[in-house]
Student: 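I'd like to ask some things about the structure below.
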Amino acid sequence: MTGTGTSAHASQARGTLIIGACQAGVQLASSLRELGDTEPIVLVGEEPHAPYQRPPLSKAFLKGEATADSLTFRTHEFYSEHNIELVTRERIVSIERDATGGVATAESGRRFEFARLALTTGAVPRQIPFEGSELEGVSYLRTATDAALLEQRLATASDVVVVGGGFIGLEVAAGVRAAGKTVTVLEAAPRLVGRAVSEATSAFYLAAHRRRGTRVVLNAQVVRFLGQHDRVTGVELGSGDVIPSDVVLIGVGVIPRTELAEQLGLVIDNGVVVDASALCSDGLTVAAGDCANLPNPSLTPGGIPRLRLESVQNAVEQAKVAAATLLGLPAEYSTVPWFWSDQADLKLQIAGLSGGHDQIILRGDPETEKFSVLYYRAGQLIAADCVNRPLDFIAVRAMLHSGQHLPADRADDLSLPLKKLFLPAVPVLIGK
């Protein structure tokens, strides 16, 4: 048991408390009802909005084509009809629990008793304490409130600097550049989105963004943000160069929120460690979404045994498993991961996980801005990056799910769709 004074509450508590009103939290609540659970469900979130989609924040939202209300997952009627109590503007700061349940306390003092507990606490932007970070115009992007403020700042900006060449940063950069503003992307690494895609895909995006007029600086060392009258005016680099900027967006990744899990004494390792059933180390609590570190659902020899997946698909599928686990139903996460990134007119779709690959096949010509990069391990296709080739993406997803085989020596044949090249599955040789 963590903390004291829980037993009296837990003995009377009923139902499920879900902390984190996000994609995973909403899906978990919905799945509990779909599985026949009739006990109370309370979904608690810190934001003032009902749970909403986050991916459009870096795209449609900034273009004024969406609002937090238009992006909501469910109507207020849905929550009432399914007897799900949605609580907004409440930040849980402490939890006490034992094997029979417990109580969570919000910053406001409000208490939430529960018999079952789920953590879908998500992640927060990684913050780097650059000198000048407090200046007006220096921004982060994670929530609808962040997006609304950034949209307001961009409306009057001429020069925009994006610190970080990951998916979020490049999505914002593409949209801002399309609006006619001067944009500079500063990436500390030697290539863009280096942790997620191949060198070929990175090189393509570097060239594509530069073709569209975005300045991209690799191996960039940000020294400080410069300002006048408490507003940002520029970014100074280690080279001595100063990049003019009215707005700076810092997008250097996120950190999983594990404070509550740490209070409960759960195992933490780049997120809340869970098993394939989304069960935490205490054998009682479940966790899902961006905050959870899970067994690799598509592990191949040489791949990473455990990882934390930041995607809509993972949040949805893992939450379904977590809901079943809370109800004592057998379930394991075994879905092939997939991701996407829309950067103006460039749509990247990723199927599978490329870690541990030993061969890459290029299907198509990057110069046409329609191509796929296929990743192999021991002769077996394990993942693909598909740029403006949705049929390749659909085929690879289906193939990875079914266990079929795509011979590497035929994969670059554009005369046939990928699905026509599939063969029955062959075993992957461990250790080869």
Student: Only one of Leu71, Leu86, Thr72, Thr120 passes side chain to side chain contact (heavy atoms under 4.5 Å, CB included) with Pro51; say which it is.
Tutor: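 With Pro51 as partner, Leu71, Leu86, Thr72, Thr120 yield a single side chain to side chain contact (heavy atoms under 4.5 Å, CB included), made by Leu86.
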Student: Any luck finding a side-chain donor-acceptor pair between Ser108 and Glu90 under 3.5 Å?
Tutor: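 Side chains of Ser108 and Glu90: pair found under 3.5 Å.
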Student: Among His209, Glu171, Lys59, which residue meets the side chain to side chain donor-acceptor pair (under 3.5 Å) test with Gln343?
Tutor: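 For Gln343, the side chain to side chain donor-acceptor pair (under 3.5 Å) check succeeds only for His209.
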Student: With no hydrogens and no angle check, just 3.5 Å: does a side-chain donor-acceptor pair link Arg116 and Thr16?
Tutor: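 Yes, side-chain donor-acceptor contact under 3.5 Å.
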Student: Is it the case that more than 12 heavy atoms not belonging to Glu199 sit under 6.0 Å from its CD atom?
Tutor: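 Open: at most 12 neighbouring heavy atoms sit under 6.0 Å from CD of Glu199.
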Student: Report the C-alpha separation of Ser311 and Asn314 in whole Å, then their side-chain angles, then the decisive distance to 0.1 Å, and conclude whether the side chain to side chain donor-acceptor pair (under 3.5 Å) test is met.
Tutor: CA-CA 5 Å; Ser311 73; Asn314 172 68; 5.1 Å; no
Student: Hey, are Thr121 and Arg257 close enough side-chain-wise for a donor-acceptor pair under 3.5 Å?
Tutor: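 Not at all, the side chains of Arg257 and Thr121 share no donor-acceptor pair under 3.5 Å.
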Student: Please step through side chain to side chain donor-acceptor pair (under 3.5 Å) for the pair Thr105 and Arg110, ending with a clear verdict.
Tutor: CA-CA 6 Å; Thr105 304; Arg110 184 172 175 180; over 6 Å; no
Student: Tyr52 and Arg54: side chain to side chain donor-acceptor pair (under 3.5 Å), yes or no, with the steps?
Tutor: CA-CA 6 Å; Tyr52 57 87; Arg54 293 191 189 277; 3.2 Å; yes
Student: Assess, by modelled atom type and distance only, whether the side chains of Thr67 and Asp69 contain a donor and an acceptor separated by less than 3.5 Å.
Tutor: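 No, no side-chain donor-acceptor contact under 3.5 Å.
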Student: Verify the distance criterion only: is there a donor paired with an acceptor across the side chains of Asn293 and Arg306 at less than 3.5 Å?
Tutor: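 Checked: Asn293/Arg306 side chains pair up, N/O donor to acceptor below 3.5 Å.
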Student: Please say whether more than 12 non-hydrogen atoms of neighbouring residues, nucleotides or ligands are located less than 6.0 Å from CD in Glu65.
Tutor: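 Yes - once you tally the heavy atoms of other residues, nucleotides and ligands closer than 6.0 Å, there are more than 12.
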Student: Are a donor atom and an acceptor atom from the side chains of Ser245 and Asp159 found within less than 3.5 Å of each other?
Tutor: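 Per modelled atom types, Ser245 and Asp159 side chains form no pair under 3.5 Å.
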